[in-house]
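Below is one structure, written out as structure tokens; comments come after it.
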Amino acid sequence: MSTFDRLDSRIDEVTAQAYEIPTDAPEADGTFAWSSTTLVLVEAVAGGRRGIGYTYAAGACRRLITGPLAHAVSGHSALDISGAWASMVRAIRNDGRPGLASCAISAVDTALWDLKGKLLDIPVCRLLGVAHPEVPIYGSGGFTTYDEREARAQLERWVETWAIPRVKIKIGESWGSDERRDLDRIAFARKVIGPDTELYVDANGGYRRKQAIRVARAMAEHNVVWFEEPVSSDDLAGLREVRDQVTADVAAGEYGYDLAYFNRMLGAEAVDCLQIDVTRCGGITDWLRAAAVAAAHNVDVSGHCAPNLHAHVAAAVPNLRHLEYFHDHHRIEHMLFDGALSPDGGTLRPDRHRPGLGLEFKHRDAEQYRVG
């Protein structure tokens, strides 16, 4: 195929499959417990090339992808992603933008960016423009279901094996009903990681406002520098109240499905760092826009989970703080994708020798997990 033909390629196929992968141990945070993670994979075809994208969401969004979204993007130029993205948003108007519809759009959008990179034989980070050759990460897991042996093994793997200089554990157990264990686990984590590693905590919205402030003051002796979702991310006034009274940076935003959500959170001065999830927010297209809105408020952004899907877009954003290297997604992405990046040294380095997002799905290895 000539260069001209590749540049004029039209999207002619969009498919999706869902895969349910069991966890390697029981997992829970402050407000939820789970035993498996569902990955919905999208493949988009144009010009004889195949791009892949995905979301971590219920398999129900597969029907949105293969139905209205596939119809919306079919025939669009594979290089004109903004137009395809706008067509998808129009197509799901009556289905509601937040939630699964946005996750479905995100998966298709990331597949289109991968496809564009492959058509042009260039990595996505170069398409976007590289601001950070290396993307800082933090080790994330520390589930409330872990005993000391499991917690120690994970913390030591992050800090000693991979030399990640920042780590996060879950607190707010059982909707904040066991503060003593939360504080004991924070003290334990600090003891394991030593004084020089940054310690983060995530309550997943499990506390009440004043309770979150009390816990923050009690954990200050352990130099916790990141307090994620101390109260519900829907309680913007509560986040602002906590932010005004604690020394740790307050973070939230992982449940943002559109720009209006991020604009409200930033306008309320609710966070010190805005979290954006490329598998939920509308894909790479709207991740960039959300980061720009944050930049206008002089706020850093942090990528939420899905580290290998975030790496290229995170590398392109000047106001990036870091990216969450989440245990479940690290495990899945290294199991099921060729080209998954190494966390050694506490950074991800997008591979500039591989086009697109640098990932290829291992269909044969994944078949045992396919559902629906």
Side-chain angles (χ1 to χ4, degrees), residues 11 13-19 37-46 49-57 61-62 64-66 69-70 72-73 76 78-89 92 97 100-120 122-128 135 254 256-258 276-291 301 303-317 323-324 326 329 332-333 336-341 348 350-351 354-361 366:
I11 301 165
E13 183 182 19
V14 175
T15 60
Q17 294 292 340
Y19 301 87
T37 299
T38 302
L39 179 145
V40 180
L41 180 87
V42 170
E43 296 182 273
V45 178
R49 303 294 178 90
R50 185 176 299 269
I52 61 171
Y54 53 94
T55 184
Y56 291 105
C61 68
R62 176 174 168 267
L64 285 170
I65 293 166
T66 57
L69 298 186
V73 303
H76 273 273
L79 303 189
D80 296 334
I81 298 175
S82 291
W85 185 93
S87 292
M88 289 193 286
V89 172
I92 55 87
R97 171 67 194 280
L100 289 183
S102 191
C103 292
I105 290 172
S106 300
V108 178
D109 182 82
T110 52
L112 294 182
W113 278 102
D114 184 50
L115 176 61
K116 182 174 181 177
K118 288 173 177 173
L119 286 167
L120 298 177
I122 190 171
V124 168
C125 63
R126 297 302 299 273
L127 283 176
L128 301 175
V135 178
E254 65 187 70
Y257 295 104
D258 54 32
I276 318 172
D277 188 327
V278 75
T279 76
R280 294 173 178 168
C281 74
I284 289 173
T285 298
D286 244 16
W287 206 99
L288 292 168
R289 294 169 178 163
V301 298
H304 174 261
C305 293
N308 285 280
L309 201 59
H310 271 102
H312 285 258
V313 68
V317 172
L323 172 59
E324 181 172 17
F326 183 57
H329 297 175
I332 291 169
E333 290 168 4
L336 301 184
F337 292 90
D338 179 54
L341 301 171
L348 297 185
D351 189 340
R354 298 174 69 118
L357 295 171
L359 299 171
E360 295 297 336
F361 191 64

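As the structure is a prediction and not an experimental result, all values here were calculated from the model. Start at 1 with the first residue, then count along the sequence.
- Counted within 6.0 Å of CZ on R126, heavy atoms from surrounding residues, nucleotides or ligands total 12 or fewer; the atom is thus considered open.
- Test D277, I276, T110 against H310 for side chain to side chain contact (heavy atoms under 4.5 Å, CB included) and you get one pass: D277.
- Scanning all heavy atoms of the two residues, the minimum distance from D114 to P355 falls at OD1-O, 4.3 Å.
- Distance check, rounded to the nearest 0.5 Å: CG of L323 to CG of L348 gives 5.5 Å.
- Interatomic distance, C61 SG to L69 CG, rounded to the nearest 0.5 Å: 9.0 Å.
- Of all heavy-atom pairs spanning E13 and R50, the tightest one is OE1-NH2, 4.4 Å.
- The shortest distance between side-chain heavy atoms of D338 and R354 falls below 4.5 Å.
- For Y19 and F361, the gap between ring centers is short of 6.0 Å.
- Residues passing the side chain to side chain contact (heavy atoms under 4.5 Å, CB included) test with A316 are L128, sequence neighbours excluded.
- No side-chain heavy atom of Y56 sits less than 4.5 Å from a side-chain heavy atom of L309.
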From CA spacing to verdict: side chain to side chain contact (heavy atoms under 4.5 Å, CB included), W85, D286: CA-CA 9 Å; W85 185 93; D286 244 16; 3.4 Å; yes
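- What you find for I81 and A78 is that their closest heavy atoms are CG1-O, 4.0 Å.
- Proximity of H329 to T37: side-chain heavy atoms (C-beta onward) are separated by under 4.5 Å at one or more points.
- The side-chain heavy atoms of S102 and R280, taken from C-beta on, include no pair separated by under 4.5 Å.
- With sequence neighbours excluded, no residue satisfies ring pair (Phe, Tyr, Trp, His ring centres under 6.0 Å) with H304.
- Here CG of L115 is found 8.0 Å from CG of L79. Values are rounded to the nearest 0.5 Å.
- Between E43 and L41 there is a side-chain heavy-atom pair separated by less than 4.5 Å.
- Although no hydrogens or angles enter the test, the distance criterion places a donor-acceptor pair under 3.5 Å between the side chain of T55 and the main chain of T279.
- Atom NE2 of H76 is separated from atom CE of M88 by 9.0 Å, given to the nearest 0.5 angstrom.
- Contact between A340 and E333 at its shortest, heavy atoms only, is CB-O, 3.6 Å.
- Heavy-atom minimum distance, G356 versus H312: O-CE1, 3.6 Å.
- Between W287 and V301, the closest side-chain pair of non-hydrogen atoms falls below 4.5 Å.
- Remark: D109 does not engage R289 in a salt bridge, criterion side-chain N to carboxylate O under 4.0 Å.
- Note that the CG atom of D80 and the NZ atom of K116 stand 7.0 Å from one another [nearest 0.5 Å].
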From CA spacing to verdict: side chain to side chain contact (heavy atoms under 4.5 Å, CB included), I52, L359: CA-CA 8 Å; I52 61 171; L359 299 171; 4.1 Å; yes
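- Between V313 and V124, the closest side-chain pair of non-hydrogen atoms is not below 4.5 Å.
- Taking CG from L336 and OH from Y54, the interatomic distance works out to 9.5 Å, rounded to the nearest 0.5 Å.
- Here the closest heavy-atom approach between residue A107 and residue V42 is recorded as CB-CG2, 3.6 Å.
- Two residues are said to be in side-chain contact when any heavy atoms from C-beta on lie closer than 4.5 Å; V89 and I105 meet this criterion.
- Of the possible polar contacts, none joining the R62 side chain to the A18 backbone as a donor-acceptor pair under 3.5 Å is found.
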